[in-house]
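Below: the structure, in structure tokens.
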Amino acid sequence: QVHLVESGGGLVQPGGSLRLSCAAFGFRLDSYSIGWFRQAPGKEREGVSCISSSDNNTYYVDSVKGRFTISRDNGKSTVYLQMTRLKPEDTAVYYCARLSVCQSVGETLVVVSEDDYWGQGTQVTVAS
């Protein structure tokens with residue numbers, strides 16, 4: 001059964017770091033682009049970053065460029081999101097997903113989920 005499990009969230013002070021993990025089950029990770037999304041209370045879910053399947057190109061939303069790094073370890077069927085210099089506005093539930101689209105159009109991140117379901121996500125809270 002295809003599913004993704006997010007982990008690694010927590011409470012961190014502004015300026016701190018976290019590494020999120022996205023473990024893949026039921027499919028070959030190297031066959032898919034994978035993206036990270038986040039949803040803050042009262043806001044729409046937004047794409048944060050993605051990594052392509054074909055060439056491991058990475059893309060980011062403007063607000064996290066230079067602070068977040070996405071990577072993948074196909075041998076471990078896991079995608080990571082290293083988050084540094086965290087800000088209170090990064091507080092959200094973070095989700096990962098298989099993607100049908102992972103690209104940047106100009107400076108705009110464009111990500112489209114392949115699947116209709118979302119996992120439970122992992123909560124990231126940035127606060128003093």
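Just the heavy atoms: all of them, side chains too, but no hydrogens, waters or symmetry mates, feed the values below.
With a 4.5 Å cut-off on side-chain heavy atoms, Arg38 and Glu46 count as touching. Contact annotation: the side chain of Leu29 approaches that of Arg72 to within less than 4.5 Å [non-hydrogen atoms, C-beta and beyond]. Proximity of Arg19 to Leu81: side-chain heavy atoms (C-beta onward) are nowhere separated by under 4.5 Å. Considering only heavy atoms from C-beta on, Ile70 comes within 4.5 Å of Tyr60 through its side chain. Counting only heavy atoms from C-beta outward, the side chains of Gln39 and Tyr95 approach each other to under 4.5 Å. Here the side chains of Phe37 and Val61 are not in contact, with every heavy-atom distance at 4.5 Å or above. Side-chain contact between Ile51 and Tyr80 is absent, with no heavy-atom pair separated by less than 4.5 Å. Annotation: side chain of Arg98 is in contact with side chain of Val2 (closest heavy-atom distance under 4.5 Å).
Ser128 OG to Leu11 CG: the interatomic distance, rounded to the nearest 0.5 Å, is 9.5 Å. Annotation: the span from Gln13 atom CD to Thr125 atom OG1 amounts to 13.0 Å, rounded to 0.5 Å. Between the CG atom of Leu4 and the OG atom of Ser7 there is a distance of 11.5 Å, given to the nearest 0.5 Å. Here the CE atom belonging to Met83 is positioned 5.0 Å from the OH atom belonging to Tyr94, to the nearest 0.5 angstrom. To the nearest 0.5 Å, the span separating NE2 on His3 from CZ on Phe27 amounts to 9.5 Å.
A donor-acceptor pair under 3.5 Å links the side-chain atoms of Thr91 to the main chain of Val126, judged by distance alone. At least one donor-acceptor pair under 3.5 Å links the side chain of Ser49 to the backbone N or O of Tyr59. Between the side chain of Arg67 and the main chain of Arg85, a donor-acceptor pair closer than 3.5 Å is present. Checked by atom type and distance alone, the side chain of Asp55 pairs as donor or acceptor with a backbone atom of Asn57 at under 3.5 Å.
Counting Ile, Leu, Val, Met, Phe, Trp and Tyr side chains that sit under 4.5 Å apart, directly or through other members, Val5 shares a hydrophobic cluster with Phe25.
Within 6.0 Å of NZ in Lys65 there are more than 12 heavy atoms belonging to other residues, nucleotides or ligands.
Ala97 and Ser113 get closest at one heavy-atom pair: CB-OG, 4.0 Å. The shortest non-hydrogen separation linking Glu107 to Asp62 is O-OD1, 3.4 Å.
No salt bridge links Lys87 with Asp90; every basic N to acidic carboxylate O contact stays at or beyond 4.0 Å.
The aromatic ring centroids of Phe68 and Trp36 lie 6.0 Å or more from each other.
Residues Tyr32 and Tyr117 fall within the same hydrophobic cluster, defined by Ile, Leu, Val, Met, Phe, Trp and Tyr side chains chained together at heavy-atom separations under 4.5 Å. With hydrophobic clusters built from ILVMFWY side chains whose heavy atoms lie under 4.5 angstrom apart, Val105 does not share a cluster with Leu99.
Applying the disulfide (SG to SG under 2.5 Å) test to pairs two or more places apart or on separate chains, those with a residue in residues 8-43 are Cys22-Cys96. Pairs of residues two or more places apart, or lying in two chains, that qualify as disulfide (SG to SG under 2.5 Å) and include a residue from residues 44-79 are Cys50-Cys102.
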